[in-house]
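By convention in this document, chain letters (A, B, ...) are assigned in the order of the sequence lines, proteins followed by strands, and residues within each chain are numbered from 1. Side chains included, hydrogens not; waters and symmetry mates left out as well; all remaining heavy atoms used.
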Amino acid sequence: MIDSIKSFMGWFFVTGDPMIYGADASIALASIGIVAVLTYFKKWKWLWEEWLTSVDHKKIGIMYIIAALLMLFRGGVDALMMRTQLTLPNMHFLDAEHYNQVFTTHGTIMIIFVAMPFIFGLMNIAVPLQIGARDVAYPFLNALSFWLFFVGAMLFNLSFVIGGSPDAGWSSYAPYAGAEMNPGVGQNYYLLGVQISGIGSLATGINFLVTILKMRAPGMTLFKMPMFTWSILITSVIVVFAFPAFTVALALMTIDRLFGAHFFTIAAGGSPMLWANLFWFWGHPEVYIVLLPVFGIFSEVIATFAHKTLFGYAVMVWSMVAISLLSFITWLHHFFTMGNTAPVNAFFSISTMLIAIPTGVKIFNWLFTLNKGRIQFTTPMLWALAFIPNFTIGGVTGVMLAMAPADYQYHNSYFLVAHFHSTLIAGTVFGIFCGLHYWWPKMFGYLLDETKGKWSFWIFMISFNICFMPMYFLGLMGMTRRMYTYPAGLGWTPINVVMTIGAFGMGAGFILMAYNIIWSAMHGKKDATGDPWNGRTLEWATASPAAEYNFARIPHVSERDPFIAAKEGRKSGNAASVQRYAPIHMPNNTGIPVIMALLMFVAGFGCVFEWYWMAIPGAIGVIACMIARSFVYNDHYYISVEEIKRTESATGRLS
Amino acid sequence: MDENQKQMSERMGAGFPWKQVIGLLLSLALTFLALWIAVGLSLPVPVTLTIIVGLAIFQAFIQLFLFMHVTEGTEPVHQLIGILFGIYVAFAIVGGTLWILAYAL
Amino acid sequence: MKKLKTHIKSMLLLLAAPMLTLLAGCSDKIAVLNPQGPVARSQYHLIIWSLIMMSLVLAIVLILFVYVLARYGRKKSSGYDPEDTGNRKLEIIWMIVPVVICVLLAVPTVKTLFSLSNPPKATAMESKTAGKTLTIDVTSVQWKWLFRYPDQKIETVNYVVIPAGTPVKFRLHAYDAMNAFWVPELGGQQYTMTDMPMKLWLQADKPGNYDGRSSNYSGKSFAQMTFKVMARSAADFDSWVQAVKSNKPVLTHEKYMELLKPNTVKSQTFSSYPELVSKDFNKAQMEALMNGESVETDKMNNMDMDNENNGEGGHGHND
Amino acid sequence: MTNATLSLHEKDQSKMPLEYTTEEGDLRIFGFWIFLAAELVLFGTLFGTYLVLQSHTAGGPTAKDLFEIGPVMAETIILLMSSFTCGLSTIELRRHNKKGLIGWMSVTILLGLVFIGLEANEFYTYAVHEGAPLSRSAFLSGFFVLLGTHGAHVSLGIVWIIGILLQLGKRGITPVTARKAFMAGLYWHFLDVVWIFIFTAVYLTGLVI
Ligand code: HEA
Ligand code: HEA
Ligand code: CUA
Ligand SMILES: [Cu+2]
């Protein structure tokens, strides 16, 4: 009996590696610490009532961002581990199995549990405010999306200590990722963790699509929307139409692994290439899902700190529409070398190159927004400016990859790795850091320190270049991705050393940014006006942080950049002073989303271990929650006029 | 507003459910036609496939317009664009997948 | 403003820094930019062409970038014009120019693409093997490379000898995991797959040894999944074949099954191979066979990549 | 009521059918359309997969071996009828006729149940009697998962409509119940559209090739 328990524990918990024990211990300590602090300060009730059950888009946004920052830390530590291992030839810091798990979790976490939720966080905070709405279209669903993302991320991360991590790469190519060559639970964690959070993402896509199309303030026609809102609208469209394909692909591989089907297996007629095909049908649009929103952020920030309206507004919009259409017909460029006929490769080469055109249009429009501007170098602006040259490098190397015969030489080499870090970091990561600094006062009511912010920017940006520019050459020298080690004498060593230095530099930049957050929480400059940057769009018309109902009166809009217009004394903005306050109707908090997500977690965990006694009740619980929700009728309450007046006068906004 | 007027009259609505009955009859007719073409005739395979897929698409549009009220709502153009985009993407994945993993159906 | 100037300067420096590190001693090691055969060379030309075009694009962006920052980034810069919010003419220009660049890139891309599905032109003198074409069947197994010479009836492991100046048709196939066959100095890569043999033409200009490796991750010892390509003169190749035939052991059935296990091995050479090998069974089929089941081959499984009208290798399995 | 929170400014909804009269109803129905568009891609992916794998029978039974046109036509006609009765229920909804609405909806789910029964029987025959379960070949994996997904959607639809019937019984036709009934109708028609393609791309195609 004892023996069988022991052997179960040995299999259940990942053992044998000091790093894992370290992680076990720190997870245990951190959990105990959190529980202790919450109990000591009697904060459980507060946590539950103010946060866990909240359906307020601003709070959900903050929770997204906190979770994404934590995941960025985890993904960053993974990256540093890889870089350490690769610094010199024949290193023994990580062994092959461990390294393989690390790049898999690094890629998956960075894309799915950092880039996406960070963006979802920022859009939750800014979009309803920018369009003058009181919340998103479906606040309940919004909370559910967040919690699904959160438990999906937790399930994925659990693999580190329980059962073993996936090791088939973030693209999980069959047949290697199939049950036969990849037994064990790691790959199941990938499939279910990503699936659960993916369902949340799909729901978010629908939610914001409806919010933006249906809930704009009166007078805000589509072509008067702020550019960030536009970018989120287009992104939502891509999310809505790309994620179902991924849902299916993940489900099919899950069925392969758990129920012995043969979609992607070697045996019985399965087609491994079909996996690659379905994965990238989602995977390519996915990179624009994490890019277009930051295009939106840059548009806001560049216009704000150049003190000019965005140059070529309509073209900016149409170029994003073009990108969204094209993004669905380029996926094959990820497997040019998988034995396609020449016409197929030719079609996808050209369709891919075409994306350079609308993207270029945007780059030039930003440059011309700066032109004849009055440029102010704030921290968010620095991130936005650095994006332009750095991302262009990533973009043009993308076009080089798009040329199929040349890609035969780049594919799966470090040239490719360099390309996608140039786009993902100089694009997405610079963008989310930019947005973080820009909207931080709106979220918390104080500013992040500028000096520290600029230092962290310079350190991170310079280190990024040190790390990833040499990497292109490493690829041309023949080093392929996903190698846990390499022999000496190939001339790869110097570049690898430089890259590792750059990687740790980025780590330093990130630590400084984290320090800035903590420091500013204590000493940060208060944002009393709600408009610290002389903003142009409606979110800056609210207090910082905005009242839970956002706008005491829904503003009326008559032109683009309505807030600057109002400040300059033109009629637009929230100058609807004739109107009286009226009671505001708000959605109730609800615990159902958290509970439902937890049940989803239980179901997912059961599936990972093929414990159907656990998975089935979990799934039934989820459905029960759905039904229960359907019978809830009084899910709203009113905020009285007195309370509105009290809140408004506290921020000096009573009129 | 024209459409809304129609909806109004439907709501007040006496009258025989013409739309529904026509939709049903057409659907049934198309189904049997497809069956007959596929099983009854022995046209060359590509011809058969083209025709029956064409009939299926036609029938789908019947459902969409006669049964599903796709042109209703406060701003029906939004949902129409949504459905069109869905059709575009669905077509891309079905057509693209077949082309890439090319098949003699 | 001074600060701004330093900003810009350091940005420029940054862009140059990696180039400098690079020039410090390893330029001849850049395999892709050091083509040793016609296939690699045609790709090299394309790469250089694209590099030129991309540098142009990058230069335009950088010049504009530096200009606007230098001109409008100062505290007291003049020329602020908030009314400057669009310019149809300019916008059309920066739509057209990228279109032109894309066309300039797309045309050679498509040309090269189609030309790569045909064998390169032989440069060696006609001899027993050289001057015509040579076919080699490649099988990737976790984590090793098997090379089979169907005409010479010999087999090598983890290295392959080819006659220089002769187009070699590699027929690629995977036994278990997917891999990719890449010899950067000779030409771009192609995947190996379990259900579809794929074709890759390569040719070496002159005798020499070239590094090859798998570029598609396939598990634990993937990093060790390398092989050598040894190009020899036609005469040397012929005598090598003869030497193998007479001196090397036969590849027995048992030995072959041994090779199919997931592990790494040293280079090996065999003077023959068992008949079953030439069927290119994948792992599932092999296991079925060992269990005494009949091996079902779908259309997909033995589609004939030899069919020249399949272009690049391809999935044109119409039957 | 909800208008205060989420106001759909400047659009006159009073002339619209009941389910659109509240802002919430309008939002939900629009969102549901978008959801259906996403489902289109979901099923598209499954169709693409099935069509690629259709000939990968690995020596097991082929489409021609398995499919029988009789039961398939029965399933098809029943589903078409249910789409029709569902359409009638929407008309009754527009007439604010609770009895008619509940009646036609009940007929719809009864037809749906018969459909599910037939399909389950078909699955059972293949998997057990013909020795062709989903693990037999890639073709069968594709078949069972495509049809199973559709069947699961229909089953979910039945559960959902039962829930709505209960709410209708209790509360009558209100803007909220009207919206739910209308959305369930859309869903049901959509599943019929999917079936049309299954009928064509799976069954007829399987019989032809
Ligand atoms: C945010 C993420 C992001 C972005 C924005 C992009 C943008 C682009 N990507 Fe990238 N890509 C990835 C993330 C991203 N990519 C990832 C993660 C992978 C690898 C996944 C994996 O295998 O793990 C990948 C892989 C990848 C490949 C596959 C290579 C291979 O596996 O062999 C290709 C091939 O075509 C490609 C092309 C492109 C192109 C053409 C663009 C274009 O959108 C770029 C457009 C931008 C510009 C061109 C710059 C600005 C334009 C101008 C200044 C105008 C003038 C320019 C011209 C006329 C050229 N990418
Ligand atoms: C948004 C996406 C994103 C981001 C931001 C990053 C960020 C980084 N990535 Fe990664 N990367 C991917 C997406 C991303 N990556 C993907 C998709 C893959 C492919 C995976 C696959 O092959 O499947 C990949 C693969 C990949 C590889 C290739 C591995 C291989 O193929 O063998 C490498 C190697 O250098 C690498 C490095 C880095 C580095 C150094 C960073 C740096 O930017 C990281 C910056 C560092 C930090 C932010 C650290 C913060 C933490 C600390 C400072 C804590 C310090 C404390 C301790 C050390 C205890 N990444
Ligand atoms: Cu090659 Cu199928
Ligand atoms: Cu891509």
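Across D:W195, D:F47, D:F197, D:F190, a single residue satisfies ring pair (Phe, Tyr, Trp, His ring centres under 6.0 Å) together with D:H150, and that is D:W195.
Of all the heavy atoms in D:Y203 and D:E75, the pair that sits closest is OH-OE1, 4.5 Å.
Between D:F143 and D:F139, the ring-plane angle classifies as tilted under the 30° and 60° cut-offs. Using a 30° and 60° split on the angle between ring planes, D:F144 and D:F123 fall in the perpendicular class, above 60°.
Judged by distance alone, with hydrogens and angles left aside, the side-chain atoms of D:D65 form a donor-acceptor pair with the main-chain N or O of D:T62 at under 3.5 Å. D:Y187 places a side-chain N or O within donor-acceptor distance of the main-chain N or O of D:H153, the cut-off being under 3.5 Å.
The parts of B:I87 that come within reach of chain D are both its backbone and its side chain, each placing non-hydrogen atoms under 4.5 angstrom from that chain. There is no contact between B:I37 and chain D, counting heavy-atom distances below 4.5 Å. D:I69 touches chain B through its side chain: at least one heavy atom from C-beta onward sits under 4.5 Å away, while N, CA, C and O do not. Only the side chain of D:M73 comes within contact range of chain B, with heavy atoms under 4.5 Å apart. Heavy-atom distances place no part of D:T85 under 4.5 Å from chain B, backbone and side chain included. Contact annotation for D:F199: only side-chain heavy atoms (C-beta onward) come within less than 4.5 Å of a heavy atom of chain B.
Among the candidates D:G44, D:G185, D:G48, D:S83, the residue making the largest number of heavy-atom pairs closer than 4.5 Å to chain B is D:S83. Of the listed residues (B:I62, B:V53, B:L35), the greatest number of heavy-atom pairs within a distance under 4.5 Å of chain D belongs to B:L35. Each of D:L207, D:I77, D:T76, D:I29 has some count of heavy-atom pairs under 4.5 Å with chain B, and the biggest count is that of D:I77.
Scored by the side chain to side chain donor-acceptor pair (under 3.5 Å) test, B:T48 finds no partners at all (sequence neighbours excluded).
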